[in-house]
Amino acid sequence: MSFIPFTLQTLINNVALEDNQQVPSQNQGNAGNRLGTRIASGIGWGGNKDSKVTAESVEAWENNLYIGTSDGQLIHYLYDQISSEDVYTTLSFYSLPEMSPLPPQNFPPIKGVTCFCYDISKEGKTDQDGAIRFCAMKRKMIVIYSLGDRLSEEVQIPLPDGAITACQYGPYVCAADNHQYKLINLHEKRMIPLMPYTNGGSEPFNPIITIISEKEFLLALPPYSGQFMSFGGEPVRGTLEWQNFPRAIGVEYPYTVALLRDNTVEIHNILEQKLVQRVSLTSKTKTISIGPGINVRVAGLIDRLKFVNIFSADDVQSSQSGENIKNGHSNFSTVPTRLIMAGSESITALVTTPLVIQVDTMLDSNRVEEAVGTADRAISTATPENVHSERMHHEFNYIYQKCGFIYFGETYFDPAFGLFEKGKIDPRILIRLFTDLKDIICEDEPIYVYSGIKATSDNLGSIDKIVSNSLVKNYDPHMMPDLNTNPAANELRKALYSNSKEMLQKFLMKDREQRKMPGRVLSKEDKVILKVVDNALLRLYAESNSDDLLTSLLENENECTLTLCEKPLIDAKKIYHLAILYKEKKEYAKALEIWHSIIEQENPENDLPDGLHHIVDLLGKCDDPDLLWKYAKWVIQKDDVMGAKIFTQMDSKKPMIIEPGKVISELRSVGNNGLRKFLEYLVTPRKSQEESYHTELALLYIQEIMDELLNEETRFKFERINNEFMITSEKSGLTYLTFLLNQHNDDSLSHTQAKFIMFLQTSTKFNAEEILVKLKEVEILKAELAVVYGKLGHHEDALYVLIHDLKDYRGAEIYCLNAGRIIGITRKTAKKQVTEKKIAEEKALISSRKDLFLILLRVYLKIDNGTGELLGKIIHLLNTQAVYMDIMVVLGLLPESWSVEMLNEFLVRSLRQTYHEYREGQILRGLCLGENVMINIELFKTYQEIGPSVITQNVTCSLCSRHISGSDFKKEPNNNIAHLNCNIDQNENIDSVDPLSV
């Protein structure tokens, strides 16, 4: 059965076109009653008074029909109420829908118009100024008018030969005169000639232009063809062929509808340019409306697509989501159409035939494959340009869902899955078919479904009924003694039931994946559906022993409910997964009890993947101190490193809920590895200032390194690395610390040693004297010994170790530059605001550098002892660090045998630095002198402004009233003069007053 895109539907029968014609009433089958009377006549021409009056044109706006008659009248019908009025024969203006004339002083009629058009792209809209614009074609020009509060002429564009018909989309107007079609660009005021035509033949040719889309027109050409034309003036697509020339052409994308002169309608598919339907008209028809259109009620449409609650027969009513559904589908009882045709006795409309009505007929006779094929072919027409696309998508969903249920009822589960997916069915509708899953769905939460789908689903019943019916239909009475006791029938029943569960699981997984796509914002309904889907999937995974899928579901974000999932997991003996569920639902005590039991029993049937990791991860989130410590002690005894991880994974910014000393004591009782991990956590992330933690951590590092060195192979490797550094350090320029960090990752000893050195550099809280004693005992850890010497201020000892024992020349210089705090790897710090404290610290650092570099020089000279082995290093030190060395002190330390030429660079730099400091001091002194002069000038000006104070015998002290004698007096701002001592005594008295006595 081919798809029929349109259905002819009568809107008004026996149209009353003459004054003396009786108006039909509603009970005669018409759309409504004719109201009003003829008030004027003579639109264009009066017509032949002796001929029969016929309808010549029809337009629609909302539910209003306007019919133009052959005797020059305009009749107004209201769909359900019908009225008529007359208008004048000129291009005049009326208000809709009642057709009241607009004031002629503001909206004067336009004369001499051959045709007019308006911008279809702005249909139903106005421009920014609130007006609409249209083009009126006159004899040799186009005039653009603005219609707002008044009619005003805006632009005139020359148009040779004028136009007898025209259409506009945006700035493009396609027009036709008596000889050719032409394209006018209103913005550029430019015309492009298109296709010429001749007006010969037995029938007169009237050019027809129709807008197809925002980029193309359709032009009717003699004898019987149509050409698609782009806005650029180029032919596009193919051509249309008609049996004879059309009277009018309409468009309902993706179809064109041509009203032919033989009173038939031919409908072509625009995309394929193929004839898809031909309709014969009983009433002589002259035109097709091309206006906004009208909504036509289609019987049976709302009965199928109406949304109802699957738990009852009630329509959508109360809930917010339900209200949205109701509002979104309330118009599905009607179909919009622009294709309204005016006949001699009736008004008819070509209404898009709802696909669902046609396909439902196929499905009633179980022609499922044909129905699916029809829907698949029709889905390509539901493009955004199609005004029916929204409704059509619901029709497709309905068709695919119903086809899916038909296959499901016949136990064809695989094809049913694909159709359910294409139909976007609510997964809850499928879940409720399974008796053992129905309790997941809450009937207090409505599930909205198409009314036609609800009926189909209700007729099928549960999966048990579907399987039983399938067995009865296909195998009864072939299986003896009966289907309930026959072993083969029972095996088949289990297989069908298992297949249905597999299909459901597959569908739910796909649905869940689509709803949880990255970037998608879940709606309230999505969350409700996901809750049902996740609980159903958990049961399906547990039943089918899909442990990996079950683990993935529980370990990631899910909507599983404890009350709905606890018993199914226990029944399926999924104890491990039950513990994961408890954990995700914060039932930590139950989860820990299960995992503890599994590990202690060592039962292969309940093996716990990843061992203690799950428990450690859970305890890291636990905020119950008693529960935490109960299982933490147990984990520590099993594995002290894992036990330490319980605490090290906690947020270091929050207080510890277990006292650290308690944890340290427990870890210490087992071993050093976990203890060291925990102490590192306390010292570094938590920044503990407890000396005992820092000291014990340092001792643990020493012990760990020494334990590794007990292995001969490891000790040999350690000595080889040290020797290699001492040989290559001069050329490489690396510090000993950097050299250790550059070793392979599998060299645990080197990295442990590097970590220990960095800890000693950064920590200020460990007991340096205790660590020094320990390091002297082991002897072998020279770099660490140098750092501790530095912490104690034994700089000469530290530098001696770095130079003599390690040959770490670069590290020694870094030591001096950083005031003896570090021997390698300086961390860059962000620039901070300069304060007096920072300035003081910088000065102290420079002073320390001067002292340390002189100490380093003495160490070099001491180790060299006149042999010349370190001569190059000494000269390098002098040349690079001359800024920090006093030339006189250095010259006093160097051997007298050294030549000036050897020290040339050092001397030049030192003298340059000395002279720079001298000049800098001179500048500073000059600035200070200048500032003093400016202050003295300001003081002098102030004295001049105040003027001299003359002391005579009559001047007395304002405080003690005694005469002023000598120069010890003070002049106050109010010009009072007082003894200086009196003023001081007064201030002391004021300070000594008891505030409580005032």
Side-chain angles (χ1 to χ4, degrees), residues 427-428 431 437 439-442 445 505 508-509 511-518 520-524 526-600 603 606-632 634-635 642 645-651 654 657:
R428 296 173 294 178
I431 293 172
L437 300 177
D439 63 302
I440 295 174
I441 301 173
C442 176
E445 297 174 346
Q505 177 177 312
L508 295 181
M509 291 173 65
D511 182 88
R512 187 178 193 271
E513 178 185 351
Q514 292 176 348
R515 293 184 192 276
K516 295 182 77 69
M517 287 180 61
R520 173 171 175 171
V521 178
L522 293 177
S523 64
K524 182 179 179 181
D526 282 332
K527 294 178 181 178
V528 172
I529 292 175
L530 279 174
K531 180 179 179 181
V532 176
V533 168
D534 284 359
N535 282 284
L537 280 174
L538 180 139
R539 295 190 184 185
L540 292 171
Y541 291 157
E543 183 180 328
S544 61
N545 289 319
S546 302
D547 289 351
D548 290 342
L549 293 173
L550 185 56
T551 303
S552 177
L553 173 66
L554 290 172
E555 289 185 344
N556 293 288
E557 183 181 1
N558 63 77
E559 301 295 330
C560 293
T561 305
L562 186 59
T563 55
L564 292 173
C565 299
E566 189 174 23
K567 187 177 184 301
L569 290 174
I570 294 173
D571 293 342
K573 297 182 179 180
K574 303 297 180 182
I575 306 303
Y576 162 66
H577 298 93
L578 178 61
I580 298 178
L581 178 65
Y582 283 143
K583 171 191 169 185
E584 296 302 320
K585 302 306 175 184
K586 301 188 184 305
E587 295 283 346
Y588 295 148
K590 293 182 178 180
L592 290 168
E593 183 180 356
I594 290 175
W595 282 331
H596 175 269
S597 174
I598 292 175
I599 293 176
E600 288 295 334
N603 188 348
N606 290 325
D607 187 27
L608 179 61
D610 298 325
L612 296 174
H613 288 275
H614 288 284
I615 296 180
V616 169
D617 180 56
L618 189 153
L619 289 174
K621 302 174 183 178
C622 181
D623 54 6
D624 182 344
D626 295 333
L627 182 66
L628 171 60
W629 187 237
K630 173 184 176 182
Y631 287 99
W634 174 74
V635 173
M642 293 298 294
K645 187 179 177 182
I646 295 172
F647 303 97
T648 59
Q649 66 184 345
M650 294 180 178
D651 188 352
K654 296 181 179 179
I657 60 177

Item to complete: Please lay out, stage by stage, how L562 and Y582 fare under the test side chain to side chain contact (heavy atoms under 4.5 Å, CB included).
Response: CA-CA 8 Å; L562 186 59; Y582 283 143; 3.8 Å; yes

Item to complete: Verify side chain to side chain contact (heavy atoms under 4.5 Å, CB included) between S544 and Q505, making sure each step is shown before the conclusion.
Response: CA-CA 10 Å; S544 61; Q505 177 177 312; 3.6 Å; yes

Fill in: Step-by-step side chain to side chain contact (heavy atoms under 4.5 Å, CB included) determination, E600 to H596
CA-CA 6 Å; E600 288 295 334; H596 175 269; 3.7 Å; yes

Practice prompt. Given side chain to side chain contact (heavy atoms under 4.5 Å, CB included), test L628 with M650 step by step and report yes or no.
Written response: CA-CA 12 Å; L628 171 60; M650 294 180 178; 3.7 Å; yes

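Side-chain contact between W595 and L612 is absent, with no heavy-atom pair separated by less than 4.5 Å. A 4.5 Å side-chain heavy-atom check between L592 and L619 finds at least one atom pair inside the cut-off. Under the 4.5 Å side-chain criterion, counting only non-hydrogen atoms from C-beta, E566 is in contact with K590. A 4.5 Å side-chain heavy-atom check between I440 and T561 finds every atom pair outside the cut-off. Residues L581 and K585 are in side-chain contact: their nearest non-hydrogen atoms beyond the backbone lie under 4.5 Å apart. At a threshold of 4.5 Å between non-hydrogen side-chain atoms, the residues M642 and I615 do not count as touching. Proximity of V532 to E559: side-chain heavy atoms (C-beta onward) are nowhere separated by under 4.5 Å. Between L550 and L569 the shortest side-chain heavy-atom distance falls below 4.5 Å.
Of all heavy-atom pairs between L554 and C560, the closest is CD2-SG, 4.5 Å. Nearest approach of K621 to K583, heavy atoms of both residues: NZ-CE, 4.0 Å. Shown here for P427 and V533, the closest heavy-atom pair between the two residues is CG-CG2, 3.7 Å. Across all non-hydrogen atoms, the minimal contact from P568 to R539 is CG-NE, 3.6 Å.
Remark: the backbone N or O of K531 is paired with a side-chain donor or acceptor of N535 at under 3.5 angstrom.
Checked against salt bridge (charged side-chain N to carboxylate O under 4.0 Å, His left out), E593 has no partners two or more places apart in sequence or in another chain. Under the salt bridge (charged side-chain N to carboxylate O under 4.0 Å, His left out) criterion, D624 pairs with no residue, sequence neighbours left out. Here A572 pairs with A542, K574 under the side-chain contact (heavy atoms from CB on, under 4.5 Å) rule; sequence neighbours left out.
The local environment of CG in D548 is sparse, with at most 12 non-hydrogen atoms from other residues, nucleotides or ligands closer than 6.0 Å. The local environment of NZ in K645 is sparse, with at most 12 non-hydrogen atoms from other residues, nucleotides or ligands closer than 6.0 Å.
From L564, atom CG reaches atom CG of D439 across 6.0 Å, with rounding to the nearest 0.5 Å.
In summary, D626 and K630 do not engage in a salt bridge, as defined by a charged side-chain N under 4.0 Å from a carboxylate O. A salt bridge does not link D526 with K516: every distance from a Lys NZ or Arg NE/NH1/NH2 to an Asp or Glu carboxylate oxygen is 4.0 Å or more.
Taking the six-membered ring for Trp and the full ring otherwise, the centers of H577 and Y541 sit at least 6.0 Å from each other.
Relative ring orientation between F647 and W629 is described as tilted, the plane-to-plane angle lying within the 30° to 60° band. The aromatic rings of Y576 and H614 lie perpendicular to each other, with more than 60° between the two planes, well past the 30° mark.
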